[in-house]
Amino acid sequence: MKRLRYLLPLLVLATACGKKDEKPAAPNFTGVSLAEARQTDAIYYDEYPATVVALERVELRSQVPGIITGVHFREGEVVPKGKVLYEIDRRKYEAAYQQATAGLRATQANAQNANVNATRYQRLSQQDAVAKQLVDNALTAQATAQAQVASAQAGVAAAQTDLDYSVVKAPFTGRIGISLVKLGEQVAAGSTLLNTVASEDPMAVDFVVNEKEISRFAKMKTLSSGSSSAKKGKSKTVSTVAAADSVFRLRLPDGTLYESRGQLLALDQGIDAQTGSLRIRVQFPNPDRLLKDGMSASLRVLNQASGSRVVVPAKAIVEQMGETFVFLAQDTVAHQQRVKIGPRLRDGVVILEGVTAGQKVVTEGLNRLRDGGTIKVVPPAAGNEAPKPAAVK
């Protein structure tokens, strides 16, 4: 009896120790967090490296040789069309013009005398009062004098042109750069670069696209006006977005977004055979002169898929073997669904196909989840909120 009293506590202790070593059974569900797919205005852009160029830009070069005798502008100022910018020593060109003018007057006098003689001999010939050879000589002298007048007139025009070229004027209103020549410097005809003048408002932005995208930009001419497509109702998705935002936006080198919107101006006439690309030009207003000729920028073009779209959190996207999936929650079961995605919008992803608004997608617990697996909703981790309906800037 005493022996049984001693063994009973030992059996209780052994039983307690055995229960302590046992592991709890694994749950037959996966803890997940869910988010609702939302229908929202998804506005997003494709970006292209671009260069700002002046719509009008000209290099000023002297058309006649000589010494610079006058500089009539301040470097960097806006010069109006026709303003005198440079003067080249005009003395020899003025002398050449005067000489050509005097020569013209002399030939005109000779021509007038030849005309009088020709008329006189022709009248005498009608009266048989003069030999026919003399009449022919008079007519020849008349024709020669007229040719000399024409040659002298051409000489005057050439001299006038050289005299005009000795004064370099602004071909259009624009901003002039820093002068590359100084007073007293010798310049050569056609080869010496004096300065450049470029227009500033509006400005153009050039970028290149693959030849596969040409048709897309050809159709954007009406969209760039901001209203044509909306009026015609051809594309509800794009026209709706065009009313809210512009097709063309520009990001400056410092990362800021240029305030004014752009308009498609022109597509180049041909494709570059080496690169298979096409150059496209977009025009931007530049009232504050923020855009400078030669500036590098990033052109943002409204994506054709922009509009009212289904958006899910980026965490819900699963990539497997080159395909994209999400897990849709139906009661306590998660089903794997193949989807076609669009661009990312901050912390969200546009779903083009596979998910409809209002469906629940799994955002956490994906690494332990399998198709058809049982799930149980647990509180979401910090930062797992659904994406807000905001456009990408």
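For E319, the CD atom sits in a loose shell: 12 or fewer heavy atoms of surrounding residues, nucleotides or ligands are nearer than 6.0 Å. In D331, the CG atom is not crowded: 12 or fewer heavy atoms of neighbouring residues, nucleotides or ligands sit closer than 6.0 Å. Residue-environment remark: CD (Q112) stays at or below the threshold of 12 foreign heavy atoms within 6.0 Å. In this structure, K81 places its NZ atom where only 12 or fewer heavy-atom neighbours from other residues, nucleotides or ligands lie under 6.0 Å away. No more than 12 heavy atoms of other residues, nucleotides or ligands shown are found within 6.0 angstrom of CD on E259.
For the atom pair L85 CG and E87 CD, the distance stands at 10.5 Å (nearest 0.5 Å). The distance from atom CD of Q337 to atom OG1 of T324, rounded to the nearest 0.5 Å, is 12.0 Å. In this structure, I280 CD1 and L278 CG are separated by 5.0 Å, a value rounded to the nearest 0.5 Å. Distance check, rounded to the nearest 0.5 Å: CD of E200 to CG of D288 gives 11.5 Å. In this structure, CZ in R249 is found 4.0 Å from CG in L257, a value given to the nearest 0.5 Å. Here CE of M203 is found 6.0 Å from CG of N286. Values are rounded to the nearest 0.5 Å.
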Inset, instruction - Given salt bridge (Lys or Arg N to Asp or Glu O under 4.0 Å), test D46 with R216 step by step and report yes or no. - result: CA-CA 12 Å; D46 301 320; R216 170 192 176 187; 3.0 Å; yes
Inset, instruction - I would like to know whether V326 and I317 meet side chain to side chain contact (heavy atoms under 4.5 Å, CB included); could you show each step before the answer? - result: CA-CA 5 Å; V326 297; I317 302 300; 3.8 Å; yes
Inset, instruction - For the pair F327 and L34, evaluate side chain to side chain contact (heavy atoms under 4.5 Å, CB included) and give the outcome as yes or no after the intermediate values. - result: CA-CA 10 Å; F327 280 91; L34 302 181; over 6 Å; no
Inset, instruction - Could you go through the side chain to side chain contact (heavy atoms under 4.5 Å, CB included) check for V301 and F217 one step at a time? - result: CA-CA 10 Å; V301 183; F217 286 93; 3.8 Å; yes
Inset, instruction - For the pair L328 and V361, evaluate side chain to side chain contact (heavy atoms under 4.5 Å, CB included) and give the outcome as yes or no after the intermediate values. - result: CA-CA 5 Å; L328 296 178; V361 295; 3.6 Å; yes
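The two atoms that bring T363 and P313 nearest to each other are CG2-CG, 3.9 Å, heavy atoms only. Looking at every heavy atom in both residues, P253 comes nearest to S296 through CG-O, 2.9 Å. Minimum heavy-atom separation, S166 to Y93: CB-CD1, 4.1 Å. Taking each heavy atom of V149 and A111 in turn, the nearest pair found is CG2-CB, 3.6 Å. Taking all atoms of both residues into account, the shortest heavy-atom contact from Y45 to V247 is CE2-O, 4.0 Å. Scanning all heavy atoms of the two residues, the minimum distance from G70 to L183 falls at N-CD2, 3.5 Å.
Every residue two or more places apart in sequence or in another chain that forms a side chain to side chain donor-acceptor pair (under 3.5 Å) with S277 is listed here: T275. A search for side chain to side chain contact (heavy atoms under 4.5 Å, CB included) contacts involving K182 returns E75, E185, not counting sequence neighbours. Partners of N110 under the side chain to side chain contact (heavy atoms under 4.5 Å, CB included) rule, at least two apart in sequence or in another chain, do not exist in this structure. Shown here are the side chain to side chain donor-acceptor pair (under 3.5 Å) partners of Q283, two or more places apart in sequence or in another chain: there are none. In this structure S62 satisfies the side chain to side chain donor-acceptor pair (under 3.5 Å) test with no other residue, sequence neighbours excluded. Applying the side chain to side chain donor-acceptor pair (under 3.5 Å) criterion to R105, with sequence neighbours excluded, gives no partner residue.
For Y86 and F73, the gap between ring centers is short of 6.0 Å. A ring-centre distance under 6.0 Å is not found for F248 and Y258.
For Q263 (side chain) and V282 (main-chain N/O), no donor-acceptor pair under 3.5 Å exists by modelled atom type. When atom types are taken as modelled, the side chain of N195 and the backbone of G177 share a donor-acceptor pair closer than 3.5 angstrom. The backbone N or O of L252 lies less than 3.5 Å from no partner atom in the side chain of T256, so there is not a single donor-acceptor pair. A donor-acceptor pair is defined here as one N or O able to donate and one able to accept, closer than 3.5 Å; such a pair exists between the side chain of R251 and the backbone of G255. Judged by distance alone, with hydrogens and angles left aside, the side-chain atoms of R175 form a donor-acceptor pair with the main-chain N or O of G76 at under 3.5 Å.
I176 and L55 fall into different hydrophobic clusters, where Ile, Leu, Val, Met, Phe, Trp and Tyr side chains are chained together by heavy-atom contacts under 4.5 Å. The hydrophobic clustering, which links ILVMFWY residues whose side-chain heavy atoms are closer than 4.5 Å, places V71 and L60 together. When hydrophobic clusters are built by joining Ile, Leu, Val, Met, Phe, Trp and Tyr residues whose side-chain heavy atoms come closer than 4.5 Å, directly or via intermediates, V209 is grouped together with F284. In terms of hydrophobic clustering, with Ile, Leu, Val, Met, Phe, Trp and Tyr side chains grouped at heavy-atom distances under 4.5 Å, V208 and I271 are assigned to different clusters. Under the 4.5 Å side-chain heavy-atom criterion for ILVMFWY residues, a single connected hydrophobic cluster contains both L302 and I214.
Annotation: salt bridge (Lys or Arg N to Asp or Glu O under 4.0 Å) contacts involving residues 270-285, sequence neighbours excluded, comprise D206-R279, D206-R281, D268-R279. Sorted by first then second residue, the salt bridge (Lys or Arg N to Asp or Glu O under 4.0 Å) pairs that include residues 52-74, not counting sequence neighbours, are R57-D293, E59-R61, R74-E77. Residue pairs meeting the side-chain hydrogen bond (donor to acceptor under 3.5 Å, both in side chains) criterion with at least one partner in residues 146-162, sequence neighbours excluded, are Y97-Q160, Q160-D164.
Using a 3.5 Å distance cut-off with no hydrogens or angles, the side chains of E47 and S298 do pair a donor with an acceptor. Counting only N and O atoms by type, the side chains of Q142 and N115 include a donor and acceptor under 3.5 Å apart. Under 3.5 Å, the side chains of T101 and Q98 contain no donor-acceptor pair of N or O atoms.
Side-chain atoms of V205 and L250, non-hydrogen and from C-beta on, do get closer than 4.5 Å to each other. Side chains of K83 and K169 form no contact here, defined as non-hydrogen atoms less than 4.5 Å apart. K292 is not listed as a side-chain neighbour of V52, based on a closest heavy-atom distance of 4.5 Å or more. Annotation: side chain of E353 is not in contact with side chain of V339 (no heavy-atom distance under 4.5 Å).
Through direct or indirect side-chain contacts shorter than 4.5 Å among Ile, Leu, Val, Met, Phe, Trp and Tyr, L193 is connected to L180. Other cluster members for V167: V84, joined by side-chain heavy-atom distances under 4.5 Å among Ile, Leu, Val, Met, Phe, Trp and Tyr.
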Please tabulate, for side-chain N and O atoms in residues 368-377, each donor-acceptor pair with protein atoms closer than 3.5 Å (sequence neighbours left out).
from : atom 1 : to   : atom 2 : distance (Å)
R368 : NH2    : G31  : O      : 3.2
D371 : OD1    : Q336 : N      : 2.8

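Evaluated for a side chain to side chain contact (heavy atoms under 4.5 Å, CB included) with I88, the options I67, I68, T69 yield exactly one hit, I68.
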